[in-house]
Amino acid sequence: MMKSIVEEKLVSFKTLEQKVFAYVCELGREITRIMLEGYDAELAEERDKKLYRDKGKRNTTIKMVYGEVAYSRNVYQTKHPDGKKAYVYLLDEAMHMDKIGMISTNLAEKIAMTVTEAPYRVTAETISSTCGQSISHGGAWNLVQKLGERISKEEDQAVRQMEAGQAQGKEILPVLFEEMDGVWLSMQDKKHRKMKKQEMKVFTMYEGWEAGSKKRSRLDQRAV
């Protein structure tokens, strides 16, 4: 593809930019496939063969910011502590491949951020024109629903742990500041019909403060 771009007659800069972008995305997809399959081959050789029984390869795809990558990886049969059979992909575990369906977290984040500023149809057009990945407005809507369900489950689990006295943390702070506000969002369903507005609570936590002017201080060390 690069050769055809170089040998092509003079085109507009916009067209050149689009062609080079498409080429770079294509190259990125191929590099990703090679690296994933290479990592998977290394894990196959290094694994505990008594613990993980090779059951062959499976083809899959992942939608990324530079397009859809198709690759193959090994699936293994193992056993849970209770003796039940289980099937795992060592590549997914080793690389912490946290996905929303078949969409990478990087692409999911870009879609979610765009949705907060524009309708689903505009979001789909923006993502499709600025990334190497094409997505429909229905696909954007489905992604946001799955992301919301995941966040809701994580929050419910955190609340249950807190109520049971099992909350987990890395450090104890003498003081913690909270800065809170609310944003009203225009809502629509999958068919783009208007729904009742909903308020999204937004807050930021800070671990300390520092001197600002003579009369005021400002919050510092934002907690993550």
Side-chain angles (χ1 to χ4, degrees), residues 14 17-33 35-36 60-71 92 95-159 168-170 176-207 218-224:
K14 180 179 180 180
E17 183 180 24
Q18 292 172 335
K19 288 181 176 291
V20 172
F21 176 72
Y23 170 72
V24 172
C25 288
E26 180 183 338
L27 183 61
R29 292 192 294 270
E30 181 61 14
I31 291 174
T32 302
R33 182 192 65 78
M35 294 186 70
L36 289 176
T60 187
T61 60
I62 180 171
K63 298 179 184 294
M64 308 176 72
V65 292
Y66 42 83
E68 188 172 300
V69 177
Y71 63 100
D92 292 19
M95 297 194 69
H96 307 289
M97 295 183 72
D98 185 22
K99 300 173 287 186
I100 311 297
M102 300 307 296
I103 297 178
S104 72
T105 51
N106 281 330
L107 180 58
E109 287 173 1
K110 289 186 178 297
I111 294 173
M113 289 177 63
T114 307
V115 163
T116 63
E117 302 291 339
Y120 289 105
R121 190 174 297 279
V122 176
T123 294
E125 292 173 354
T126 300
I127 294 297
S128 297
S129 63
T130 58
C131 294
Q133 177 63 57
S134 177
I135 187 170
S136 66
H137 62 277
W141 187 89
N142 289 331
L143 181 279
V144 172
Q145 306 313 304
K146 291 179 181 178
L147 188 59
E149 291 172 0
R150 173 178 290 194
I151 294 173
S152 180
K153 290 179 180 178
E154 291 176 351
E155 290 180 344
D156 290 343
Q157 177 64 18
V159 170
Q168 298 179 354
K170 295 182 179 179
L176 188 66
F177 297 95
E178 288 187 357
E179 186 177 60
M180 295 187 291
D181 200 352
V183 179
W184 286 95
L185 303 176
S186 297
M187 307 298 293
Q188 57 178 319
D189 61 17
K190 191 173 183 179
K191 295 183 178 179
H192 306 289
R193 294 176 299 200
K194 287 187 177 181
M195 298 173 62
K196 184 179 179 181
K197 286 187 176 182
Q198 294 189 20
E199 185 181 18
M200 179 176 68
K201 303 293 185 180
V202 182
F203 74 94
T204 305
M205 290 186 175
Y206 299 88
E207 300 177 7
R218 61 172 176 265
L219 297 175
D220 190 26
Q221 301 175 41
R222 184 168 65 178
V224 294

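Just so you know, residue 1 is the first one in the sequence shown, and it goes up from there.
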Pair Val144-Tyr120, side chain to side chain contact (heavy atoms under 4.5 Å, CB included): steps then yes or no: CA-CA 10 Å; Val144 172; Tyr120 289 105; 3.9 Å; yes
Residues Arg33, Glu30; criterion salt bridge (Lys or Arg N to Asp or Glu O under 4.0 Å); working and verdict: CA-CA 5 Å; Arg33 182 192 65 78; Glu30 181 61 14; 2.6 Å; yes
Chi angles and distances behind the side chain to side chain contact (heavy atoms under 4.5 Å, CB included) call for Met95, Leu36: CA-CA 9 Å; Met95 297 194 69; Leu36 289 176; 3.6 Å; yes
Evaluation steps, side chain to side chain contact (heavy atoms under 4.5 Å, CB included), between Gln133 and Val65: CA-CA 6 Å; Gln133 177 63 57; Val65 292; over 6 Å; no
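Distance check: Glu26 CD to Phe21 CZ gives 12.5 Å after rounding to the nearest 0.5 Å. Rounded to the nearest 0.5 angstrom, Ser136 OG and Leu143 CG are separated by 10.5 Å. Separation of atoms CD (Glu68) and OG (Ser104) is listed at 11.5 Å; rounding is to 0.5 Å. Rounded to the nearest 0.5 angstrom, Ser129 OG and Gln18 CD are separated by 9.5 Å.
A donor-acceptor pair under 3.5 Å is absent between the side-chain atoms of Ser128 and the main chain of Glu125, judged by distance alone. Between the side chain of Thr126 and the backbone N or O of Val122, at least one donor-acceptor pair lies under 3.5 Å.
The heavy-atom pair separating Gly132 from Cys25 by the smallest distance is CA-SG, 3.9 Å.
The shortest distance between side-chain heavy atoms of Asp92 and Lys99 falls below 4.5 Å. Between Pro119 and Thr123, the closest side-chain pair of non-hydrogen atoms is not below 4.5 Å. Between Ile127 and Leu107, the closest side-chain pair of non-hydrogen atoms falls below 4.5 Å. Contact of the Val69 side chain with the Arg29 side chain is registered, since non-hydrogen atoms from C-beta on lie closer than 4.5 Å. When side chains are defined from C-beta on, Tyr71 does not count as touching Thr61, because their heavy atoms never get closer than 4.5 Å.
Atom CE of Met102 sits in a crowded spot, with more than 12 heavy atoms from other residues, nucleotides or ligands closer than 6.0 Å. Atom CE of Met97 has more than 12 neighbouring heavy atoms from other residues, nucleotides or ligands inside a 6.0 Å radius.
With sequence neighbours excluded, the residues forming a side-chain contact (heavy atoms from CB on, under 4.5 Å) with Glu109 are Asn106, listed by chain and number.
If you check the side chains of Tyr66 and Thr32, you find a donor sitting under 3.5 Å from an acceptor.
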